[in-house]
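First comes the structure, then the notes that go with it.
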Amino acid sequence: MSRPVLTAMARRLDLPVERLALLEAYDEADLTVLDDAISLAIRAEDRAVADGLEEAVRFVPRPLRGRARALIFGTDRG
């Protein structure tokens, strides 16, 4: 399996490319649409997690919020 879109998709999903062998039957355009959808879903999930963590910081007492943000995000975000 040497189709670049399948290799990229496997990398994005952190899977061995062999796990996507059943997708070989699809044409390049369909695979590109699927890869784009996967990419969008991953970015949406990342945003939702970051937003959830930011929202959780609101429940930390105000004097400790900067430190909590630094621990969670690696930097003080204000």
>> Looking at every non-hydrogen atom in both residues, tell me the closest pair between Ile72 and Leu53 and how far apart they are.
In response: CG2-CD1, 3.8 Å
>> Can you tell me how far apart CG (Leu34) and CG (Leu23) are? Round to the nearest 0.5 Å.
In response: 6.5 Å
> Given the rule that I, L, V, M, F, W and Y join up when any side-chain heavy atoms are under 4.5 Å apart, are Ile38 and Leu31 in one cluster?
Replying inline: yes
>> Clusters formed by hydrophobic residues whose side-chain heavy atoms approach within less than 4.5 Å: which one holds Val60, and what are its other members?
In response: Leu64
> Hey, any chance Leu15 and Met9 share a hydrophobic cluster, counting ILVMFWY side chains that come within less than 4.5 Å of each other, even indirectly?
Replying inline: yes
> Which pair of non-hydrogen atoms, one from Arg3 and one from Tyr26, has the smallest distance, and what is that distance?
Replying inline: NH2-O, 2.8 Å
> With no hydrogens and no angle check, do the side chains of Arg43 and Ser39 hold a donor and an acceptor under 3.5 Å apart?
Replying inline: yes
> Val5 and Glu28: which non-hydrogen atoms are nearest, and at how many Å?
Replying inline: CG1-OE2, 3.2 Å
> Nearest 0.5 Å, what's the CD1-CG distance between Ile42 and Leu13?
Replying inline: 5.5 Å
> Between CZ of Arg12 and CG of Asp35, what distance do you get to the nearest 0.5 Å?
Replying inline: 4.0 Å
> What's the spacing between Arg58 CZ and Arg65 CZ if we round to 0.5 Å?
Replying inline: 7.5 Å
